[in-house]
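Below: one structure, written as structure tokens.
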Number of protein chains: 2
Amino acid sequence: MAINHNEKSTGANAASAAVGWQAQKSASTRQLIIEAAIKCLVDLGYARTTTTVIAAKAGLARGAMLHHFPSKIGIIRAAVDYLHAKRLRAFRKAMAKEPGAGADHVRMGVEGYWAHVKHPWFVAFFEMAVAARTDKELAAILFPAQEAFEHEWYQASLELFPEWKRKGENFVLGFDLSRYVLEGMAISFLTHKETERDKRVLRYLEEKLRELAGEDR
Amino acid sequence: MAINHNEKSTGANAASAAVGWQAQKSASTRQLIIEAAIKCLVDLGYARTTTTVIAAKAGLARGAMLHHFPSKIGIIRAAVDYLHAKRLRAFRKAMAKEPGAGADHVRMGVEGYWAHVKHPWFVAFFEMAVAARTDKELAAILFPAQEAFEHEWYQASLELFPEWKRKGENFVLGFDLSRYVLEGMAISFLTHKETERDKRVLRYLEEKLRELAGEDR
DNA sequence: CTTGAAACAGGATGATTTGACTGTTTTTTA
DNA sequence: TAAAAAACAGTCAAATCATCCTGTTTCAAG
């Protein structure tokens with residue numbers, strides 16, 4: 001298990017001595033717990049993501065986990081932040097793969113976000129979003145984080161697709177349309193299988209995005 | 001909401017006499033329980049829809065409810081069938097309001113399904129669909145019902161919008177596109193508020209549907 | 001008017017889940 | 001080296017849930 005934790009409190013002082021081994025181990029255990037919680041969200045759903053199964057999936061005793069996260073909501077809070085960072089980073093990375101000026105940004109964007117909404121990270125976020133509808137405590141954690149995510153995601157898109165910059169409203173429309181179509185498709189697959197018809201919707205979406213990129217309105 | 005079981009002495013026909021008051025009362029109590037369960041799904045989500053709160057919301061003792069539905073999954077099964085029938089009937093009714101040949105079927109369809117996905121019946125179905133992702137027993141009940149619903153819904157759309165009949169693939173594409181956009185929008189509103197931008201997406205969808213209805217491809 | 005069946009009520013039981021609690025091992029620091 | 005701090009382990013009680021069970025009231029056929 002790679003340690004690879006975020007150096008949260010290492011200031012400007014001595015390089016590695018400042019971060020003791022315990023702190024590193026603690027951080028890695030925290031990440032282990034967070035990733036176990038996300039796996040539980042994907043495999044079992046929010047309701048059955050209990051502290052018992054999180055600890056089991058992390059390979060820890062329940063008491064040990066409660067040492068790092070005294071309450072369940074603390075794990076959820078950490079998972080929300082973790083997913084926020086991971087999803088945004090993955091999106092930027094996928095979009096930055098083809099920096100060429102002649103790259104097909106429309107196809108890249110559609111396929112990139114299509115892959116995104118089928119990724120376990122989106123599934124985990126989605127489980128929490130649905131639960132938050134009827135759970136005020138979860139909503140208080142998730143909504144501000146999601147608002148920040150959407151803002152940063154929008155800014156990243158503007159940055160990565162510079163040719164859209166002058167399009168103004170068309171960019172916003174294409175952005176929103178893509179989001180709703182792709183999220184709607186992904187979520188519809190909860191109850192039915194993907195068919196050839198769905199591929200036609202994706203092709204049609206790309207076609208309309210190209211129109212929006214070409215015209216001025 | 002009208003239970004329609006008060007006909008115990010007014011009908012006085014062989015039909016109503018054969019049914020018997022007990023059977024009618026039983027049926028009305030069953031419906032009361034089903035509707036209470038749906039309210040719980042909307043208000044509390046699937047996970048917190050327990051037999052205790054269903055009975056409380058129905059105004060019954062738990063033992064009384066267990067007499068009509070020996071198990072929780074039985075209530076869920078009945079609620080799935082109830083929602084199936086109600087949603088389909090409501091869709092047909094809303095679409096049939098303007099039978100004129102000059103009616104704006106595109107706007108009617110978009111606004112009709114937009115209203116549909118914001119209705120509590122869709123919310124209740126959606127809660128079960130999400131739970132079914134990680135609950136095999138629920139999935140075994142919901143998926144066949146949903147498959148039947150989608151087929152009947154598609155047939156009803158073909159029937160109600162006869163001018164699309166000759167369009168073939170364009171009808172299928174418009175049907176799928178509308179579905180994904182509108183469901184995606186409705187579900188996105190779990191985590192953020194509706195804005196002016198979303199109305200533009202709806203107008204754009206209508207515009208594209210008109211194109212699809214007009215052209216042949 | 002008696003009797004059986006169904007509607008209705010509510011307690012008992014066993015299984016889970018959460019957070020608090022005490023005890024043990026490992027690491028850091030004085 | 002010795003003490004303090006942190007990581008880790010496991011048990012406990014309270015609360016909640018689904019189901020099973022027995023008892024009471026209401027209806028309808030004989």
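Throughout, a chain's letter reflects where its sequence line sits, starting with A, and its residues are numbered from 1. Because only heavy atoms are used, hydrogens play no part in the values below, and waters and symmetry mates are left out as well, while side chains stay in.
Counting heavy atoms from C-beta on, the side chains of V123(B) and L41(B) never come closer than 4.5 Å. Using a 4.5 Å heavy-atom threshold, the side chains of I54(A) and F69(A) count as separate.
The phosphate of dC8(C) (OP1 or OP2) has a side-chain N or O of H68(B) nearer than 4.0 angstrom. Listed pair H67(B) / dC8(C) fails the phosphate criterion, with no side-chain N or O lying under 4.0 Å from OP1 or OP2.
With rounding to whole Å, I54(B) atom CD1 is found 17 Å from dT16(D) atom P. For the pair L60(A) CG and dA9(D) P, the interatomic distance rounds to 6 Å; values are reported in whole Å. Atom CZ in F69(B) sits roughly 16 Å away from atom C1' in dA18(D) (whole-Å rounding). Between I33(B) atom CD1 and dA18(D) atom P there is a gap of 14 Å when expressed in whole angstrom units.
Taking the screw axis at each terminus of the helix from dC1(C)-dG30(D) to dA30(C)-dT1(D) from five consecutive base pairs, the angle between the two is 10° to within rounding of 10 degrees.
Within the structure, side-chain hydrogen bond (donor to acceptor under 3.5 Å, both in side chains) pairs that include any residue of residues 107-117 of chain B comprise R87(B)-H116(B), R107(B)-E206(B), Y113(B)-E183(B) (at least two apart or interchain). The salt bridge (Lys or Arg N to Asp or Glu O under 4.0 Å) contacts involving residues 130-148 of chain A comprise R133(A)-E127(B), where partners must be two or more places apart or lie in separate chains.
Residues W121(A) and F91(A) place their aromatic rings such that the two centres sit no closer than 6.0 Å.
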Distance-only criterion, 3.5 Å: show the donor-acceptor pairs between side-chain atoms of residues 73-85 of chain B and protein atoms not counting sequence neighbours.
unit_1 : atom_1 : unit_2  : atom_2 : d
Y82(B) : OH     : E35(B)  : OE2    : 2.5
H84(B) : ND1    : A145(B) : O      : 3.3

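Listed by chain and residue number, nothing satisfies the salt bridge (charged side-chain N to carboxylate O under 4.0 Å, His left out) test with R48(B) (two or more places apart in sequence, or in another chain).
For the 3.5 Å distance criterion, the side chains of T51(A) and R62(A) qualify, holding a donor opposite an acceptor.
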Between protein and nucleotides 18-25 of chain C, what N or O pairs are separated by less than 3.5 Å?
unit_1  : atom_1 : unit_2 : atom_2 : d
dT18(C) : OP1    : K72(A) : NZ     : 3.0
dT18(C) : OP2    : T51(A) : N      : 2.9
dT18(C) : OP2    : T51(A) : OG1    : 2.9
dG19(C) : OP2    : K72(A) : N      : 3.3
dG19(C) : N7     : R62(A) : NH2    : 2.3
dG19(C) : O6     : R62(A) : NH2    : 2.5

